[in-house]
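Chain letters run A, B, ... following the sequence lines, proteins first and then strands; every chain starts at 1. If you're wondering where the values come from, they're calculated on a predicted model, not measured in any experiment.
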Number of protein chains: 2
Amino acid sequence: MKNNGPIETSCVHCNVRLNSVFNVLDEDQVKDLCIHKSCAVYKKGQYVFTENGLPAGLFCINSGKIKLTTTGYDGKEQILRLVKSGDIVGYRALLSNERYHCSAVTLEDASICIIDKKYFFDAIESSPKLMFEVVKKMSQDLKVAEDHIVSLSQKNVRERMAEALLFLKATYGFEEDNQTINVSLSREEIADYVGTSTESCIRLLSEFNNDKLISLKGKKISIVNLQKLIQTANIED
Amino acid sequence: MKNNGPIETSCVHCNVRLNSVFNVLDEDQVKDLCIHKSCAVYKKGQYVFTENGLPAGLFCINSGKIKLTTTGYDGKEQILRLVKSGDIVGYRALLSNERYHCSAVTLEDASICIIDKKYFFDAIESSPKLMFEVVKKMSQDLKVAEDHIVSLSQKNVRERMAEALLFLKATYGFEEDNQTINVSLSREEIADYVGTSTESCIRLLSEFNNDKLISLKGKKISIVNLQKLIQTANIED
DNA sequence: GGCATTATATGATATAAATCATATAATTTA
DNA sequence: TAAATTATATGATTTATATCATATAATGCC
């Protein structure tokens, strides 16, 4: 797939309130914000920003799904966070005035706003409410990261795999059938999140499939036996 | 060791500016802050706060070292962060209005200030500078956590062990001899940080000792060959 | 100061999971 | 649409590391 960069579009229709952190703004503030943002449409697989880059603003996902990845040792990719529509991305480097320590890549076609850096700083300085919303977001991400550390330290691959599926479900929810996880990741990407090899990931998904915990249809994973999957995610010995 | 709780003392002498985030305050602000804080002396091994507890304020480490731990699966302890004097603790739960997701335990005798919750919120609302300092702190912790995730996902225990020693050195520095890491952790605690078994931790430290990367004297670890330790911390195949 | 407890050390064994290998299925793209 | 590439699948083998076991050293305690 060729990535020629996002297609910029005008931004009149996209409702920034979609993005949870901006819920706290009033009508006028939203109007003002809209003047200082622009929208872009990304194709699946495009980079929103890249590791070591300098932040130019805050990204708000209007639609689509994003993975935040970093290049580990030996060039191996690590998925650090998974982001859904309504979320903001790139706030960490922006707030701490650092370069990005990870890249953001679209997992599907996406519509993303970028809010001008200077304007964003003005907005959070003048609106403590907004600031607290962003802080809460970072706090949440820190908690999730530290939970992941415990999991990686103490659980085996099978448990982490079950946990990852539950995490995907919690993040992206189900499709209309109420059991298919609403995201398409390659086995390699799942492995890059779980911290295992692609082969082990494939093998475990096959096993879960055979054990009727899940069912597989291409990249689509359905949770067939949630109770047993939860059990598998915990220590079972 | 019996833990009877901290000994409260008056606070006139402790300089809150020690704590990096408060460097941005001016003379009057510091004076005001001092009215709203109190100091306490903790013995080694005491809890500053505990998992699931509700934050009553912000803790500032005047002296001493702290570990933030969480109880993982099967009751196994996970060390999430290591904190030194000058740092603040307990800000995450406080800012996001949540219960603590980890406990804070002193690694040695410590003097710790607690800043009243309400006052702290007033302070960060009225001083964007202070707010940004706290945000930078959280941002840093998030980065460290995500680096740890990559390490846990992609490195083997030997590499992580070498990395952990370098991390301890980076956090607490050397003693006067310029090679002994200035912190005393049990082998089990190191294992709980690295994400390995106590036996593997002991074995690897022994190996590093035999290979003249480090030298051991009780709980004190000296880095003898920094260059080789750095090599060991990275992928070497 | 001696006894009990806990921490450190090291060997032996078992096992989870990586790696290597090969096959088939599914996508790209020419 | 065929060829090429990439993703998924699964078997065989190796290896890192946990676990179990036992010994010694260090520390806390009455």
| message | How many whole angstroms separate atom CG of N156(B) from atom C1' of dT14(D)? | response | 15 Å
| said: Angle between the two end axes of the helix from dG1(C)-dC30(D) to dA30(C)-dT1(D), five base pairs per end, rounded to 10 degrees? | reply: 50°
| note | When rounded to whole Å, the CD to C1' distance for the pair E159(B) and dA18(C) reads 13 Å
| message | Considering only residues two or more places apart or on different chains, which pairs with a residue in residues 190-209 of chain B satisfy ring pair (Phe, Tyr, Trp, His ring centres under 6.0 Å)? | response | H148(B)-Y193(B), F167(B)-Y193(B)
| Euclidean distance, atom NZ of residue K76(A) to atom P of dA18(C) [Å, nearest integer] | 9 Å
| query | In terms of side-chain geometry, is the basic nitrogen of K67(B) or E77(B) positioned less than 4.0 Å from the acidic oxygen of its partner? | reply | yes
| query | Can you tell me how far CZ of R160(B) sits from NZ of K155(B), rounded to the nearest 0.5 angstrom? | reply | 10.0 Å
Protein-nucleic acid N or O pairs under 3.5 Å, nucleotides 8-10 of chain D:
residue: dT8(D); atom: OP1; partner: K219(A); partner atom: NZ; Å: 3.1
residue: dT8(D); atom: OP2; partner: R187(A); partner atom: N; Å: 3.1
residue: dA9(D); atom: OP2; partner: R187(A); partner atom: NE; Å: 3.1
residue: dA9(D); atom: OP2; partner: R187(A); partner atom: NH2; Å: 3.3
residue: dT10(D); atom: OP2; partner: S206(A); partner atom: OG; Å: 2.7

| field | Charged N-O contact under 4.0 Å between K76(A) and D192(A) | value | yes
| note | To the nearest 0.5 Å, atom OG of S200(A) lies from atom CD1 of I190(A) at 13.0 Å
| Euclidean distance, atom NZ of residue K155(A) to atom C1' of dA17(C) [Å, nearest integer] | 18 Å
| said: Working to the nearest 0.5 angstrom, can you tell me the gap between T171(A) OG1 and K84(A) NZ? | reply: 6.5 Å
| request: Give a yes or no on whether a salt bridge exists between E108(A) and K44(A), defined as a side-chain N under 4.0 angstrom from a carboxylate O. | output: no
| said: Under 4.0 Å between a side-chain nitrogen and a carboxylate oxygen: does that hold for E98(A) and K136(B)? | reply: no
| remark: From NZ of K220(B) across to C1' of dA7(C) the rounded distance in Å is 17 Å
